[in-house]
Amino acid sequence: MEFFCYHRDRAGSGVLRGALVEEHWSYMDRYDDGLIARGPTFGADGETVSGSVHIVELPDPADARAFAFDEPNYQAGVYRDVLLRRWRNLLGRTMWEFPGGRTGGRRYLVVGLGPVQDGEGGGGGEGGLPGGGGRDELIAFGPLLSDDGRVWVGTAALVRAEGPEEARAVLAPVRYADVEVQEWEFGGRR
């Protein structure tokens, strides 16, 4: 099973995060074979780390919860919250297999939560792969799902784009209740 895990940093936790870098990486080394993507997100200034994304294959939801909540930064109080959801790898590859490589261009995390429920046919569905040229810029893409994998609750993507609006466009045409776009970069030791 694949899982999307997004730890969002608590304000003012940068020094603590910095002190735990090696512990965090050593912890993630234990999951190296199952990692599909990983890396930090950044705040509005483009330099301050605002969170960590990990997309990982694990045996079941209990193992995913252990992965998310036993993580050293979480245990030490670096994070303010965690978004943990089943995920489906629609691209069938890891970020290290992204044809665009690790460098060049701006990278973003895009998370769309839940379709608009306004009675106007707000899109719904499972937020499948976008068509056109934007697809070539996808690093990772897939639906966020309930623990049993039956209910679609949103979509998560890592994408190379000119800017945040272009990154957000990978979620069209579904109208989401909430969309978050953060700068992101490849992480880890690889």
Side-chain angles (χ1 to χ4, degrees), residues 1-11 13-14 17-18 20-21 23-58 61 63-76 78-98 100-103 105-113 127 137-145 153-161 164 167-168 170-171 176 178-190:
M1 295 179 186
E2 298 158 334
F3 294 88
F4 174 84
C5 183
Y6 179 26
H7 293 94
R8 292 180 189 95
D9 283 19
R10 180 177 49 81
S13 64
R17 174 188 264 280
L20 294 168
V21 167
E23 285 183 59
H24 168 76
W25 284 355
S26 293
Y27 180 81
M28 289 303 156
D29 287 347
R30 297 173 18 200
Y31 297 94
D32 196 50
D33 290 344
L35 284 169
I36 295 165
R38 69 183 287 191
T41 59
F42 296 90
D45 66 4
E47 294 181 20
T48 304
V49 176
S50 63
S52 287
V53 174
H54 296 90
I55 303 173
V56 62
E57 188 170 342
L58 295 164
D63 287 318
R65 284 187 286 280
F67 170 84
F69 297 111
D70 291 345
E71 194 276 337
N73 286 333
Y74 180 83
Q75 289 293 311
V78 170
Y79 304 129
R80 70 175 164 107
D81 62 53
V82 179
L83 173 61
L84 177 64
R85 286 289 180 190
R86 287 269 307 266
W87 189 75
R88 187 174 313 121
N89 187 354
L90 294 183
L91 297 176
R93 66 173 186 238
T94 70
M95 72 179 200
W96 297 278
E97 298 165 313
F98 171 58
R102 290 181 65 113
T103 60
R106 296 170 68 186
R107 305 341 169 75
Y108 295 90
L109 163 67
V110 183
V111 178
L113 296 176
E137 299 301 315
L138 295 175
I139 299 163
F141 189 95
L144 299 170
L145 305 165
V153 298
T155 304
L158 299 172
V159 60
R160 181 171 60 186
R168 194 244 178 266
V170 304
L171 297 186
Y176 291 86
D178 187 39
V179 175
E180 181 176 347
V181 179
Q182 297 285 323
E183 287 196 44
W184 171 86
E185 69 180 28
F186 277 60
R189 300 183 204 264
R190 292 186 195 205

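Keep in mind it's a predicted model, so treat the numbers as computed, not measured.
- With sequence neighbours excluded, the residues satisfying side-chain contact (heavy atoms from CB on, under 4.5 Å) with E47 are D45.
- Between F98 and L158, every side-chain heavy-atom pair lies at or beyond the 4.5 Å cut-off.
- Residues passing the side-chain hydrogen bond (donor to acceptor under 3.5 Å, both in side chains) test with D63: none are found, sequence neighbours excluded.
- Scored by the ring-ring contact (aromatic ring centres under 6.0 Å, His included) test, Y74 finds F69 as partners (sequence neighbours excluded).
- Rounded to the nearest 0.5 angstrom, T155 OG1 and R85 CZ are separated by 12.5 Å.
- Looking at heavy atoms from C-beta onward, R17 lies in side-chain contact with S52 at the 4.5 angstrom threshold.
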* **Full working for side-chain contact (heavy atoms from CB on, under 4.5 Å) between T48 and F42** => CA-CA 5 Å; T48 304; F42 296 90; over 6 Å; no
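- Residues D70 and Q75 come closest through the heavy atom pair O-CG, 3.7 Å.
- The side-chain contact (heavy atoms from CB on, under 4.5 Å) search around R80 returns R8, R10, not counting sequence neighbours.
- When the side-chain contact (heavy atoms from CB on, under 4.5 Å) test is applied to R106, the partners found at least two apart in sequence or on another chain are Y108, P164, E183.
- Within the 4.5 Å cutoff, side-chain heavy atoms of F3 are placed close to those of P61.
- Contact check for T94 versus L35: no side-chain heavy atoms found under the 4.5 Å cut-off.
- At a threshold of 4.5 Å between non-hydrogen side-chain atoms, the residues P143 and L90 count as touching.
- Residues V111 and L144 meet the side-chain proximity criterion, which asks for heavy atoms closer than 4.5 Å.
- Contacts of Y27 classified as ring-ring contact (aromatic ring centres under 6.0 Å, His included), with partners at least two apart in sequence or in another chain: Y31.
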